[in-house]
Amino acid sequence: MSAGNSVFEITQSLDDMGKERVKRLLEGGVKIPPQPRVVEELRKLIARKEMDVRLLARTINQDPGVAAMLFKVVGNAAYRKLQPFDSIEQILHAVGVQQTYHLVQAITLASIGDKKKNAAVYEAFWARSQAVGQLAMLIADERIAVCNIFPDQAYLAGIFHDCGVLLLMQRFPTYCSEMRLSEQGRWVDLTAEDGKFNADHCVVGYLVGRHWHLPEFICDGIRHHHHIQDIGDHQARTMVAILSLAIDIYYRDQRVANPEWDEIKESVLEELGLNEEALPEFVDVILERFHVAMADL
């Protein structure tokens, strides 16, 4: 992991239009949040190749809220072969240091944003993000032999994929109402977002991911999660496919139509080594495991 990436350095990886848009958003008051202290301390320890699980566990336990949530996340059925977990040290041993770090990164993202403003939308945002993250974990677990994406990576992408929405909510007072985010089943329309705010939550989310030292392929997945056709890199494309299917399964579970699915379905299934005939049974398996996991949270 690199020692640190300034927002300016990160924007150099964008095309000219992306650079200009980000420059305008940052000058207009969009703030890329710093990593919470527990994440930064873990990052520094891992960068020094400090793998003493007692020290790492003590660092995580400094934040009781993060530690409690970590136990909940590893209760997901994707980690069924490793359960039960009785301590943070045991999680680090069984799940792995880097994998646990990814889970902590995802958990601490919930600390960003002003929960007092648009409280209902904020709550709905996190409920959706948690569901998509949990579903992505299960898809990765089921397809790991084909995709080589691990549950911690999928969860990280699921939690972070729409985090740019939170920052745009803070920047633009009318963002929630203009995007109609309080309506059941409604989510951000990219064309409307661009037309009304000259903004792209995917690019903003990409900046957050890079600033928080997420793996590069996950950052690219965040940036392109609405456009799998635009991604050539296999690992990032697979990550987008997992995210896309997780989002579609979330919509199915909510009994809400997914307006993007028909356009991307073929690309997603091909990337995941699935076919349309096998999809209903696969979805049933994922949802059954998902509901068991969520009932235990």
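When a residue number appears, it is its place in the shown sequence, counting from 1.
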*Determine, for Asp200 against Arg223, whether the closest basic-nitrogen to carboxylate-oxygen distance falls under 4.0 angstrom.*
no
*asked:* Between Leu166 and Tyr122, is there a side-chain heavy-atom distance shorter than 4.5 Å?
replied: yes
*Pairwise distance CG(Asn76) to CG(Asp141) - rounded to 0.5 angstrom*: 8.0 Å
*Ile139 side chain reached by Ile249 side chain, heavy atoms, under 4.5 Å*: yes
*Would you call Glu40 and Arg37 a salt bridge, using N to O less than 4.0 angstrom?*
no
_What I want to check is whether the side chains of Glu41 and Thr59 have a donor and an acceptor closer together than 3.5 Å._
no
*Is the closest side-chain heavy-atom distance between Val240 and Phe217 below 4.5 Å?*
no
_Heavy atoms from other residues, nucleotides or ligands near CD of Glu123 exceed 12 (cutoff 6.0 Å)_ = no
*Measure the acute angle between the ring planes of Tyr175 and Phe197, then classify it against the limits of 30° and 60° as parallel, tilted or perpendicular.*
tilted
*Where is the tightest heavy-atom contact between Ala154 and Met239, given as atom of each residue plus distance?*
CA-CE, 3.6 Å
*Is there side-chain contact between Leu279 and Val283, with heavy atoms separated by less than 4.5 Å?*
yes
*Quick one: hydrophobic cluster around Val146, which other residues, with the 4.5 Å side-chain cut-off, linked directly or via members?*
none
*Qualifying ring-ring contact (aromatic ring centres under 6.0 Å, His included) pairs, either residue in residues 139-169, two or more places apart*: Phe160-Trp212, His161-His225
_Point-to-point distance, once rounded to the nearest 0.5 Å, from CG of Asp52 to CG of Leu45_ = 9.5 Å
*Heavy-atom distance under 4.5 Å between the side chains of Leu272 and Cys147, does that happen here?*
yes
_Between the side chains of Arg289 and Glu142, is the shortest nitrogen-to-carboxylate-oxygen separation below 4.0 Å, so that they form an ion pair?_
yes
*Ignoring hydrogens and angles, state whether a donor on the side chain of His211 or Gln35 is under 3.5 Å from an acceptor on the partner side chain.*
no
*More than 12 non-hydrogen atoms from neighbouring residues, nucleotides or ligands closer than 6.0 Å to CD on Gln229, yes or no?*
yes
*What's the spacing between Arg252 CZ and Leu245 CG if we round to 0.5 Å?*
7.5 Å
*Shared ILVMFWY cluster between Trp261 and Val256, side chains joined below 4.5 angstrom?*
yes
*First locate atom CD1 of Ile222, then atom OH of Tyr206, and finally report the distance between them rounded to the nearest 0.5 Å.*
10.0 Å
*Crowding at CD, Gln83 (>12 non-hydrogen neighbours, <6.0 Å)*: yes
*Straight-line distance of Thr100 OG1 to Leu70 CG, nearest 0.5 Å*: 6.0 Å
_Short side-chain to backbone donor-acceptor contact, Arg54 and Glu89, under 3.5 Å_ = no
*asked:* Could you check whether Asp248 pairs with Lys265 (Lys NZ or Arg NE/NH1/NH2 to Asp/Glu carboxylate O, under 4.0 Å)?
replied: no
*Please answer whether the main-chain N or O of His226 pairs with a side-chain N or O of Glu260 as donor and acceptor at a distance below 3.5 Å.*
no
*In the single-linkage hydrophobic clustering (I, L, V, M, F, W, Y; side-chain heavy atoms under 4.5 Å), do Phe71 and Tyr101 co-cluster?*
yes
_Rounded distance [0.5 Å steps], NZ in Lys44 versus CD1 in Ile46_ = 13.0 Å
